[in-house]
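Data block below; observations after.
Start at 1 with the first residue, then count along the sequence. From a predicted model like this one, the values you see are computed outputs, not experimental measurements.
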Amino acid sequence: MAHINDLPHEILLKIFSEYLKTESQLSLIQNVSKTCLYWSEVCMDAFLWCIYDGSLPFVTLKQFCKKGYLKNIEILNFSKVKENVNVTQEDLKSIYSNLPKVKCVIFSNAVKKFEKRECYLISELQKHCPNLNEIIINEQTFHDYKISNKLFENFFDFRGSKLVSLDFSNINLVGVRDLFLTIASSCRNLEHLKVQNLHIQSANPSFLIENMQEGLQKLKTLRLGYPILFRSRSSLKSCGFPTLEIFTHPSKMDCYIQDRLLKRLLLKSPNLKVLDIRGCTLLTADALCALPAADLERLYVSQTRLYSSLNFINVLRKWGHSLEALDISRLKGSIINDHFTSLISNCNLQNLEILDINNTAVTISTVKMIIRNCPKLNFLQLESCRELCRGCKRAYEGKISIEELLLKLDDNMDIT
């Protein structure tokens, strides 16, 4: 009978890589690698360490870096670093200098933990990681620890042209306006920028749209949100964002983004695929109809005043043929039923996969019509839809669940 240790090195690598899809690298080292010397050797194969998940103790991370086990790391995750970890500039230099292929560093929930050593997190990256093109600082829980834009200034000046993606979200940021200006002037190849839900220590967090557009001509994704404020000067020529595909600016209280600003942002973005303007209360349907995007795939307009406009149906008609996801939740009144009747009668919504119409007056007959005429529908949100029967007001995920809903609604109509 063959022994498991008779398996070739390559087969064990595949088995261990499957293990890592559900378990941490710490578990791999503590449990799997201790089985025998052969397994220990396989566990340290660089093939298994293209991503560092952050689960190892910091001391172990340093040891593995020095031994060359992590030479293939492309994603370095610091988000699980223990509170008040004892780390020096030399420690970071030792780690970074042994990660020649790293492309992405995740500092989420980590900057505060390095305390006074925070500057070395970035400065040593600048010196030792020439292939770095993505930085993520996205805090999961709010804390009052302030991050200054000055932490990144030198890095952007030196390495900004290499960056493709930046995520500064959910952080307590000092100097947001200067940060935007630095990004716009230094990160000419940036494709993805996410700056959402900031806690800003500034009396003037606004930035000029035109400055961003001039500097970030390759931008494909722009994810913003209150309290980021836009300003625009009609006297300045707008370059637009010609390659922009995703623009999100969701907010619960945004009274700043108006039609003129939206046009300045998106009137030169014909390839736009995702538009999220939830909570942007001053936008009108006419502004959306004027956008050059012909094949929008995802539209989120909940909690806006677009619903009150008689022209809102024109927005849905404009993109009904291409929409894959639509959020028009909280639309008041029975007009939602007229909208869907009109759209479906014109053979729109054939590509719709996700629909959120929670807290609306959608009727049973309209829901049935939607299900029968949207062959790709895979998610339907019906919570708080007061016209529906009890037991139907929930979210439905998957075609089987949606088909069961249709049968239930048919039965309910028969009883009625």
Worksheet, complete the sentence: Nearest heavy-atom contact between Y69 and M44 is CD1-CE, 3.2 Å

Worksheet item: How far apart are the C-alpha atoms of N189 and S161, what are their side-chain angles, what is the distance that settles it, and do they pass the side-chain hydrogen bond (donor to acceptor under 3.5 Å, both in side chains) test?
Response: CA-CA 6 Å; N189 293 304; S161 62; 5.2 Å; no

Worksheet item: Can you tell me if Q381 uses its side chain to pair, donor with acceptor, with the backbone of E383 under 3.5 Å?
Response: yes

Practice prompt. Report yes or no: do K376 and N351 form a side-chain donor-acceptor pair below 3.5 Å?
Written response: yes

Item to complete: For residues F152 and F168, establish whether the separation of their ring centroids is below 6.0 Å.
Response: yes

Worksheet item: Does T221 reach the main-chain N or O of H192 with its side chain, forming a donor-acceptor pair under 3.5 Å?
Response: no

Worksheet entry | L299 backbone acceptor or donor facing D276 side chain under 3.5 Å | no

Return all side-chain donor-acceptor pairs below 3.5 angstrom for residues 309-329, not counting sequence neighbours, or 'none' if the list is empty.
from, atom 1, to, atom 2, distance (Å)
S309, OG, N311, N, 3.0
N311, ND2, D286, OD1, 3.0
R317, NE, S342, OG, 3.4
R317, NH2, S342, OG, 2.9
K318, NZ, C289, O, 3.3
K318, NZ, L291, O, 3.0
W319, NE1, A293, O, 2.7
H321, NE2, A294, O, 3.3
H321, NE2, D295, OD1, 2.9
S322, OG, L296, N, 3.3
S322, OG, L296, O, 2.6
S322, OG, W319, O, 3.3
D327, OD1, S329, N, 3.0
D327, OD1, S329, OG, 2.7
S329, OG, S302, OG, 2.9

Discussion item. Strictly distance-based, threshold 3.5 Å: is any side-chain N or O of N373 a donor or acceptor partner for the main-chain N or O of M369?
Written reply: yes

Worksheet item: Is atom NZ of K103 surrounded by more than 12 heavy atoms (other residues, nucleotides or ligands) closer than 6.0 Å?
Response: no

Worksheet item: If you round to the nearest 0.5 Å, how far is CG of L409 from OG1 of T363?
Response: 10.0 Å

Worksheet item: When you measure from the side chain of N337 to the backbone N and O of S334, does any donor-acceptor pair fall under 3.5 Å?
Response: yes

Worksheet entry | Residue pair L266, L275: steps toward the side-chain contact (heavy atoms from CB on, under 4.5 Å) verdict | CA-CA 10 Å; L266 303 177; L275 179 60; 3.9 Å; yes

Practice prompt. Among residues two or more places apart or on two chains, list those pairs meeting side chain to side chain donor-acceptor pair (under 3.5 Å) that have a residue in residues 50-67.
Written response: D53-S55, K62-D91

Fill in: Under 3.5 Å: donor-acceptor pair, side chain of K399, backbone of P375
yes

Item to complete: Keeping the roles fixed (side chain from K332, backbone from A361), state whether a donor-acceptor pair exists under 3.5 Å.
Response: no

Practice prompt. Could you tell me whether D45 and K14 have a side-chain N and a carboxylate O separated by less than 4.0 Å?
Written response: no

Worksheet item: Taking the side chain from S24 and the backbone from S27, do they hold a donor-acceptor pair closer than 3.5 Å?
Response: yes

Item to complete: Show your working on side-chain contact (heavy atoms from CB on, under 4.5 Å) between V42 and F16 and close with a plain yes or no.
Response: CA-CA 9 Å; V42 177; F16 294 165; 3.6 Å; yes

Worksheet item: Distance-only, no hydrogens or angles: does the T304 side chain make a donor-acceptor pair with backbone N or O of C280 under 3.5 Å?
Response: no

Discussion item. Are there over 12 heavy-atom neighbours, none belonging to E214, within less than 6.0 Å of that residue's CD?
Written reply: no

Worksheet item: Atom CG in D167, atom NZ in K194: separation rounded to 0.5 Å?
Response: 5.0 Å

Worksheet entry | Euclidean distance, L216 CG relative to C239 SG, rounded to 0.5 Å | 11.0 Å

Worksheet item: Short question: side chain of S186, backbone of I183 - any donor-acceptor pair under 3.5 Å?
Response: no

Worksheet item: Hey, are the side chains of L193 and F180 touching, using non-hydrogen atoms and a 4.5 Å cut-off?
Response: yes

Worksheet item: So does K93 have more than 12 non-hydrogen atoms from other groups sitting under 6.0 Å from NZ?
Response: no

Practice prompt. Might you confirm whether atom NZ of K273 has over 12 heavy atoms from other residues, nucleotides or ligands at distances under 6.0 Å?
Written response: yes

Fill in: Note, P130 side chain near R159 side chain (heavy atom, < 4.5 Å)
yes

Worksheet item: Out of curiosity, R394 CZ to N358 CG, how far, rounded to the nearest 0.5 Å?
Response: 14.5 Å

Worksheet entry | Distance (rounded to the nearest 0.5 Å) between N77 CG and I106 CD1 | 4.0 Å

Practice prompt. I would like to know whether L99 and C65 meet side-chain contact (heavy atoms from CB on, under 4.5 Å); could you show each step before the answer?
Written response: CA-CA 7 Å; L99 302 177; C65 284; 4.0 Å; yes

Worksheet, complete the sentence: To the nearest 0.5 Å, atom SG of C187 lies from atom CZ of F156 at 5.0 Å

Item to complete: Just do the side-chain contact (heavy atoms from CB on, under 4.5 Å) check on N211 and L181 with the steps written out, would you?
Response: CA-CA 7 Å; N211 286 346; L181 291 174; 3.8 Å; yes

